[in-house]
Amino acid sequence: MCGIVGYVGYRDCTEVLVDALSKLEYRGYDSAGIAVFENEEIKVAKSKGRLADLTAKMEKEGMLHGTSGIGHTRWATHGEPSDRNSHPHGGERVTIVHNGIIENYKSIKDFLLGVGRCFKSDTDTEVIAQLLDYYYDGDPVHTISKVVREIEGSYALGIVFEDFPDTVFAIRRESPLIVGIGENESFIASDVPAILKYTKNYYLLEHDEIAVLSKYSTKIYDLHYRQIEKELKTADWDMDAAEKCGFEHFMLKEIFEQPTAIKTTITPRIVDGLPNLEECGITPEILNGFSNIHVVACELLCTQVW
Ligand code: GLU
């Protein structure tokens with residue numbers, strides 16, 4: 001899991017993205033990054049580590065200034081946590097943040113390498129960015145529809161095209177994504193708490209719906225480029241309740257998140273239908289030497305002795 005956010009409006013985008021990401025850090029936290037339109041050019045800042053490491057880096061190397069952009073906190077599935085594997089990914093024309101796993105990334109990467117493309121990271125995410133750039137025909141919605149027909153797996157994507165400053169595009173399949181609607185500003189986020197400080201109104205994006213966010217309007221399309229009218233929802237919880245997603249307390253929420261957490265951890269390590277833990281140094285020979293496996297867990301924030 002990880003967190004993605006996006007903003008288009010009138011506020012300082014870096015401040016909004018960092019603040020919104022701080023509400024999503026529970027989803028993933030091995031790296032963080034943002035892409036901001038600065039004078040109609042996409043500028044990127046990213047760093048291994050926590051959000052605080054990203055802000056420290058920007059304070060040292062220069063803050064990004066603009067009123068629209070996208071952001072990410074990463075929980076690595078493909079490629080070690082590092083500056084180069086941190087999101088956003090992309091090039092001059094298109095830059096993306098991604099939550100999820102692209103199952104057929106290898107075959108797409110081989111195709112792109114075959115047509116002379118070079119990769120800067122080890123992530124599955126970069127194949128989406130490169131494929132968007134490869135198919136880009138001047139029409140972002142058309143290009144996104146074409147690309148998602150070729151990728152298999154789960155994704156929530158925040159996308160910016162250099163030709164379309166101050167516009168953020170988004171799409172999701174399996175991974176969660178909402179579109180927040182404020183007064184002369186719009187947001188995308190993996191979870192409602194990220195936007196609650198700014199607006200309580202949001203759309204729930206369904207599978208393969210494409211959102212196009214600009215300062216004064218937000219439109220949603222299906223993959224056939226037909227505009228969709230959606231019900232605007234209003235969050236009626238406060239921030240504390242929102243962060244617990246309706247559960248009575250955080251421990252209960254974490255218990256219910258376990259199936260997704262286990263799936264996310266194991267899925268990228270499945271080879272030929274079976275888990276392969278060799279990249280973690282656990283070979284079949286080592287496993288064969290075990291007679292028992294004890295699963296030991298600990299609740300770090302435990303405040304009560306049972
Ligand atoms: N699969 C992507 C990566 O490893 C995204 C992981 C995430 O959802 O944070 O970079």
Side-chain angles (χ1 to χ4, degrees), residues 1-6 17-18 20-35 44-51 53-54 70-91 94-109 112 119-133 144 147-148 150-160 170-178 188-191 193-194 205 207 254 257-271 275-277 279-280:
M1 284 207 301
C2 77
I4 74 170
V5 295
L17 294 177
V18 170
L21 286 174
S22 73
K23 306 289 185 307
L24 299 177
E25 258 198 313
Y26 74 90
R27 297 176 59 84
Y29 41 80
D30 62 45
S31 8
I34 61 172
V44 169
K46 54 188 185 176
S47 165
K48 180 183 167 185
R50 311 233 15 166
L51 201 49
D53 297 302
L54 174 69
I70 50 179
H72 189 261
T73 54
R74 179 171 187 239
W75 184 241
T77 65
H78 292 65
E80 56 165 16
S82 63
D83 283 2
R84 68 190 278 276
N85 286 334
S86 305
H87 299 214
H89 289 290
V94 50
T95 301
I96 71 168
V97 289
H98 166 221
N99 167 210
I101 291 170
I102 303 308
E103 280 153 20
N104 61 339
Y105 84 98
K106 185 80 178 61
S107 57
I108 300 175
K109 189 166 182 174
L112 288 164
F119 282 78
K120 294 185 223 140
S121 79
D122 308 315
T123 61
D124 51 340
T125 300
E126 197 186 348
V127 303
I128 313 174
Q130 293 263 5
L131 203 59
L132 281 164
D133 190 70
I144 293 167
V147 165
V148 297
E150 293 199 8
I151 57 180
E152 289 162 18
S154 58
Y155 49 80
L157 297 168
I159 309 167
V160 283
I171 185 166
R172 71 168 281 251
R173 191 189 294 163
E174 307 294 342
S175 305
L177 197 64
I178 58 142
I188 54 166
S190 302
D191 204 353
L205 221 52
H207 296 293
E254 284 172 16
E257 280 170 352
Q258 283 178 11
T260 312
I262 289 171
K263 190 174 171 207
T264 310
T265 309
I266 293 182
T267 304
R269 297 185 173 84
I270 301 280
V271 178
N276 182 326
L277 301 177
E279 70 164 31
C280 318

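Start at 1 and go down the list; that is how both ligands and their atoms are numbered.
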Exercise. Using modelled atom types only, decide if a donor and an acceptor are shared between the side chain of N99 and the backbone of I4 within a distance under 3.5 Å.
Key: no
Quiz item: Rounded to the nearest 0.5 Å, what separation is found between the CD atom of E150 and the OG atom of S107?
Solution: 9.5 Å
Quiz item: Does ligand 1 have an atom under 4.0 Å from some heavy atom of G100?
Solution: yes
Considering the heavy atoms of [X], write down every atom of ligand 1 situated less than 4.0 Å from one of them.
{"X": "D124", "value": "1 (N), 2 (C), 3 (C), 4 (O)"}
{"X": "H87", "value": "2 (C), 3 (C), 5 (C), 10 (O)"}
{"X": "N99", "value": "8 (O)"}
{"X": "W75", "value": "6 (C), 7 (C), 9 (O)"}
{"X": "H98", "value": "5 (C), 8 (O)"}

Quiz item: Using heavy atoms and a threshold below 4.0 Å, how should the contact between T77 and ligand 1 be classified: side chain, backbone, both, or neither?
Solution: both
Quiz item: So which bit of T123 gets within less than 4.0 Å of ligand 1, heavy atoms only: side chain, backbone, both or neither?
Solution: side chain
Self-check item: salt bridge (charged side-chain N to carboxylate O under 4.0 Å, His left out) against D53, all qualifying residues, sequence neighbours excluded
Solution: none
Quiz prompt | With sequence neighbours excluded, residues passing side-chain contact (heavy atoms from CB on, under 4.5 Å) with A35 | solution = I42, V44, I70, P88, T95
Quiz item: Would you call D122 and R84 a salt bridge, taking side-chain N to carboxylate O under 4.0 Å as the test?
Solution: yes
Quiz prompt | Aromatic plane relationship, H78 with Y105 - under 30° parallel, 30 to 60° tilted, over 60° perpendicular | solution = perpendicular
Quiz item: Just distances here: any N/O of R74 and N/O of ligand 1 closer than 3.5 Å?
Solution: yes
Quiz item: Hey, does R74 have a side-chain heavy atom less than 4.5 Å from the side chain of N85?
Solution: yes
